[in-house]
2 protein chains.
Amino acid sequence: MKLSPTMQKYIVHWGEMGTRWGVNRTVAQIHALLFLVNHPMTADDIMETLNVARSNVSNSLKELQSWGLVKVQHELGDRRDHFVALQDVWEIFRVITEERKKRELDPTLTVLRECAIEAETDFEIEAATRKKMDEVLEFLEVLMYGYDDFKKLPPSTVIKLLKMGSKLGQLASLFGKDDT
Amino acid sequence: MKLSPTMQKYIVHWGEMGTRWGVNRTVAQIHALLFLVNHPMTADDIMETLNVARSNVSNSLKELQSWGLVKVQHELGDRRDHFVALQDVWEIFRVITEERKKRELDPTLTVLRECAIEAETDFEIEAATRKKMDEVLEFLEVLMYGYDDFKKLPPSTVIKLLKMGSKLGQLASLFGKDDT
DNA sequence: CCTTTGTTTCTGTCTTTACAGAAATTAAAT
DNA sequence: ATTTAATTTCTGTAAAGACAGAAACAAAGG
């Protein structure tokens, strides 16, 4: 499949963006391609379109499937796998956030909790340091539990909340005890 | 300076985390060190403590300063630079978010806007694809403007909002027109 | 059961990034 | 101005990651 210059630019940039956030370039590019395109593609289609090795496509697709961003489809009278990407932007965002949380933030939280506990009995550590460790932990926990709450809301509600923006802040500071 | 095992674990993990998010390991480690420690450190102190080359420390510190996460201090009768890290967790978070937004999200937004405009006149691109490009753009814009609003609020208010969590959602769906 | 088609795993190469050590630069103190 | 201390920039090496091509594997059809 031949890409229009605009789509090419889009996909290349998306790949670039990926690398800056620790995502493999090819993975990001394939994701962008499958997102933009309006029909399922085979691994060979992708390979031709992006000019990457077959094996690279295969591994990247596996990665994307493990993230839940891409699914396999079959077409009548064709035994090849056809791949389609999740098409809803908010859903994509939700999936990526959720997955990174699970893969990176959760393990981090575990380690930080261990450290906080060890620090309690480690008299080499100054009280001020211990306090800071606790603060980081508290920060991440508030953030994650907050996130867990918000992710349940429908996108339209989240959009409303985002657009209310700082008005919400005024509201919050009216009542609501600060139980930090 | 000798590190207690707990601090070592903390710092190593922080470095590990950094790499997963596109931050240089040493940069992340030095940041963690300076954050945890309760006094300014010289480049040589850091070098000894973390066992990395002097040049590496120098470059990493420059990087951290460019992010606004570390500042130089001078002590009476000592011409060496002493480095201190920002100590407030919420402020650190704000600075990092802001900086990454500036360095990565803003340029992305520019490219995506260019693409969206080019796509309008590019008849190789299907209508559905164009629509998806617009949706991504819209999504990022809502997110960024929302963020711009919330970052002005004091942390205590944000904490309150986060803790209200999904209750806010119920509120938002009561009134508030959905002007998407 | 053998052939064809499709997919994955393996192996080696290339590219990028991280880093150490040396050289060069800057700046303070005498 | 010269010496000394401090810091940065430069250069080469090492490690990690990305990727292509080949080989191996799996499965469907005849």
Side-chain angles (χ1 to χ4, degrees), chain A residues 1 11-34 40-67 70-84 103-104, chain B residues 1 11-34 40-67 70-84 103-104:
Chain A
M1 187 195 168
I11 290 167
V12 167
H13 182 83
W14 209 251
E16 204 51 48
M17 201 42 35
T19 60
R20 288 184 179 263
W21 292 86
V23 177
N24 178 289
R25 172 179 279 113
T26 312
V27 171
Q29 284 184 356
I30 293 181
H31 183 227
L33 172 63
L34 288 178
M41 291 180 82
T42 67
D44 282 299
D45 292 340
I46 298 171
M47 170 186 158
E48 278 185 10
T49 310
L50 298 180
N51 278 304
V52 289
R54 193 44 237 273
S55 54
N56 198 1
V57 172
S58 172
N59 290 326
S60 300
L61 283 170
K62 223 170 94 182
E63 176 81 3
L64 285 167
Q65 283 174 279
S66 89
W67 279 72
V70 162
K71 298 237 179 314
V72 187
Q73 264 186 15
H74 286 100
E75 278 172 29
L76 201 72
D78 189 343
R79 37 196 260 233
R80 293 173 305 175
D81 287 352
H82 293 245
F83 299 91
V84 274
R103 294 175 187 212
E104 283 144 30
Chain B
M1 186 196 168
I11 289 167
V12 166
H13 183 83
W14 209 249
E16 202 53 45
M17 202 39 38
T19 60
R20 287 184 180 262
W21 291 85
V23 176
N24 179 286
R25 170 179 279 111
T26 314
V27 171
Q29 284 184 354
I30 293 182
H31 183 226
L33 173 63
L34 288 177
M41 291 181 83
T42 67
D44 281 301
D45 291 342
I46 297 171
M47 171 185 156
E48 279 185 8
T49 310
L50 297 181
N51 279 304
V52 288
R54 192 47 234 272
S55 54
N56 198 359
V57 172
S58 172
N59 290 327
S60 300
L61 283 170
K62 222 170 92 181
E63 176 81 4
L64 285 167
Q65 284 173 280
S66 88
W67 279 72
V70 161
K71 299 238 178 312
V72 186
Q73 262 186 15
H74 286 98
E75 275 171 30
L76 202 72
D78 189 343
R79 42 196 256 233
R80 293 173 304 173
D81 288 351
H82 293 243
F83 299 90
V84 275
R103 293 175 188 214
E104 284 145 30

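Quick note on labels: first sequence line is chain A, next is B, and so on, each numbered from 1.
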(request) Could you list the residues that satisfy salt bridge (Lys or Arg N to Asp or Glu O under 4.0 Å) with B:Glu48, not counting sequence neighbours? (result) none

(request) Write down the distance between CZ (A:Arg80) and C1' (C:dT7), rounded to a whole number of angstrom. (result) 13 Å

(message) How close do B:Phe83 and B:Leu34 get, counting heavy atoms only, and between which atoms?
(response) O-CD2, 3.6 Å

(message) Between C1' on C:dA27 and NE2 on B:His74, what's the gap in Å once rounded to a whole number?
(response) 11 Å

(message) Tell me which one of A:Ile46, A:Asn59, A:Asp44 satisfies side-chain contact (heavy atoms from CB on, under 4.5 Å) with A:Arg54.
(response) A:Asp44

(request) Measure the distance from CD1 on B:Ile30 to P on D:dT7 and round it to the nearest whole Å. (result) 13 Å

What side-chain donor-acceptor pairs closer than 3.5 Å can you find for residues 13-21 of chain A, not counting sequence neighbours?
from, atom 1, to, atom 2, distance (Å)
A:His13, NE2, B:Thr108, OG1, 3.0
A:Glu16, OE1, A:Arg25, NH2, 3.3
A:Thr19, OG1, A:Glu16, O, 2.6
A:Trp21, NE1, B:Glu104, OE1, 3.2

Grab the N/O contacts between the protein and nucleotides 15-20 of chain C below 3.5 Å, and write none if there aren't any.
from, atom 1, to, atom 2, distance (Å)
C:dA18, O5', B:Asn24, ND2, 3.4
C:dC19, OP1, B:Thr26, OG1, 3.3
C:dC19, OP2, B:Asn24, OD1, 3.0
C:dC19, OP2, B:Asn24, ND2, 3.3
C:dC19, OP2, B:Thr26, OG1, 2.5
C:dC19, O5', B:Asn56, ND2, 3.4
C:dA20, OP2, B:Ala53, N, 2.6
C:dA20, OP2, B:Asn56, ND2, 3.1
C:dA20, N7, B:Ser55, OG, 3.1

(message) I need the CE-C1' distance between A:Met47 and C:dG6, as an integer number of Å.
(response) 13 Å

(request) Give the rounded distance in Å between these two atoms: CD of A:Glu63 and C1' of C:dT9. (result) 16 Å

(request) Grab the CG-P distance between A:Leu50 and D:dA20 for me, whole Å please. (result) 10 Å

(message) When you measure from the side-chain N and O atoms of A:Ser58 to the phosphate of C:dT8, is any distance below 4.0 Å, counting only OP1 and OP2?
(response) yes

(request) Taking only the side-chain nitrogens and oxygens of B:Lys62, find out if one of them lies under 4.0 Å from OP1 or OP2 of D:dT9. (result) yes

(message) Within this structure, what is the CD1-CG distance for the pair B:Ile30 and B:Leu64, rounded to the nearest 0.5 Å?
(response) 6.5 Å

(request) Go through the structure and list residues passing salt bridge (Lys or Arg N to Asp or Glu O under 4.0 Å) with B:Glu75, not counting sequence neighbours. (result) none

(request) Mind calculating the distance between CG (A:Asp44) and P (D:dG21) to the nearest angstrom? (result) 14 Å

(request) Applying side chain to side chain contact (heavy atoms under 4.5 Å, CB included), name anything that partners B:Val12, two or more places apart in sequence or on another chain. (result) none

(request) Using whole Å, report how far CD1 of B:Ile46 lies from P of D:dT8. (result) 11 Å

Provide a list of protein-nucleic acid N or O atom pairs under 3.5 angstrom, restricted to nucleotides 24-30 of chain D.
none

(message) Nearest 0.5 Å, please: how far is CG in A:Asn51 from CD in A:Gln29?
(response) 10.0 Å

